[in-house]
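To keep things clear, I will list the structure first and then write my remarks on it.
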Amino acid sequence: MSSHTHRMQTIRQTFETYGVMIDTHTADGLKVALEQREVGVPMLVLETALPAKFEDSIREALGRDPVRPASMNDLESLPQRFDVMDADVDAIKQFIVTKTA
């Protein structure tokens, strides 16, 4: 299990040790992977998001802003699209089929 405190510690420790900035979700995975690590078995943790998606958390953990890729510039000013749906598995499946067909 990983809490907010664990995430901040893992982000900080990873940056201090390796100079690599990781996002909060990757920090969760890395923390748990380190706990489950077996001696002599290589550990592989995949990055699940960009630190720039979690600017507030990165700022809290490291005291600095993450580098924002050019593709994310002005992201907040772009229109947002969403659909509100009932918790109906069949309706959600149909929605996915309709949107991906």
Side-chain angles (χ1 to χ4, degrees):
M1 183 160 124
S2 182
S3 67
H4 180 74
T5 301
H6 294 133
R7 287 179 204 107
M8 297 300 105
Q9 291 170 342
T10 303
I11 290 168
R12 197 172 302 114
Q13 181 181 18
T14 301
F15 191 75
E16 291 170 357
T17 304
Y18 303 104
V20 175
M21 190 178 293
I22 61 173
D23 67 275
T24 56
H25 298 300
T26 301
D28 285 336
L30 179 57
K31 186 240 182 221
V32 173
L34 287 168
E35 291 174 348
Q36 300 297 318
R37 188 173 193 185
E38 294 180 34
V39 176
V41 177
M43 181 180 71
L44 180 67
V45 176
L46 301 178
E47 181 179 57
T48 59
L50 295 175
K53 290 181 67 180
F54 304 93
E55 288 178 340
D56 292 341
S57 294
I58 298 302
R59 195 176 302 115
E60 178 183 343
L62 301 178
R64 60 187 287 177
D65 289 335
V67 174
R68 185 179 260 213
S71 63
M72 290 180 68
N73 286 343
D74 300 319
L75 185 63
E76 293 82 4
S77 67
L78 296 174
Q80 296 184 22
R81 295 180 296 269
F82 62 90
D83 292 285
V84 177
M85 299 181 68
D86 291 330
D88 179 330
V89 173
D90 291 329
I92 293 169
K93 286 179 182 179
Q94 185 57 45
F95 178 83
I96 293 169
V97 168
T98 302
K99 295 294 183 176
T100 59

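None of the values given here were measured: they were computed from a predicted structure. Just so you know, these numbers use all the heavy atoms, side chains as well, and skip hydrogens, waters and symmetry mates.
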Exercise for the section: If a pair satisfies salt bridge (Lys or Arg N to Asp or Glu O under 4.0 Å) and one of its residues is in residues 6-22, list it, with sequence neighbours excluded. Expected result: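 Sorted result for residues 6-22: R7-D28.
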
Exercise for the section: Give every residue pair that meets the salt bridge (Lys or Arg N to Asp or Glu O under 4.0 Å) criterion with at least one member in residues 85-101, sequence neighbours excluded. Expected result: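 The answer is none; no pair qualifies.
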
Count I, L, V, M, F, W, Y as connected when their side-chain heavy atoms are under 4.5 Å apart, and connections chain through other members. Are [X] and [Y] then in the same cluster?
{"X": "V67", "Y": "M21", "value": "no"}
{"X": "M8", "Y": "I22", "value": "yes"}
{"X": "Y18", "Y": "I58", "value": "yes"}
{"X": "M85", "Y": "I96", "value": "yes"}

Handout entry: M1 atom CE, neighbour heavy-atom count above 12 within 6.0 Å
Key =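 No, CE of M1 has 12 or fewer neighbouring heavy atoms, counting only those of other groups under 6.0 Å.
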
So how far is it from [X] [atom1] to [Y] [atom2], rounded to the nearest 0.5 Å?
{"X": "H4", "Y": "E60", "atom1": "NE2", "atom2": "CD", "value": "3.5 Å"}
{"X": "D23", "Y": "I11", "atom1": "CG", "atom2": "CD1", "value": "7.0 Å"}
{"X": "Q80", "Y": "L78", "atom1": "CD", "atom2": "CG", "value": "9.0 Å"}

Practice task
Could you tell me whether the side chain of E35 reaches within less than 4.5 Å of the side chain of H6, counting heavy atoms only?
Solution key: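 H6 vs E35: side chains apart.
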
Handout entry: T5 side chain to Q9 side chain, donor-acceptor N/O pair below 3.5 angstrom
Key =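 Their side chains do not contain a donor-acceptor pair, so the 3.5 Å distance test is not met.
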
Handout entry: Heavy-atom closest contact (A52 atom, P66 atom, distance)
Key =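 Closest pair (atom of A52, atom of P66, distance): CA-CG, 3.7 Å.
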
Handout entry: Residues forming a side-chain contact (heavy atoms from CB on, under 4.5 Å) with M43, sequence neighbours excluded
Key =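 If we apply the side-chain contact (heavy atoms from CB on, under 4.5 Å) test to M43, skipping adjacent residues, the hits are L30, A33, L34, R37, V45.
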
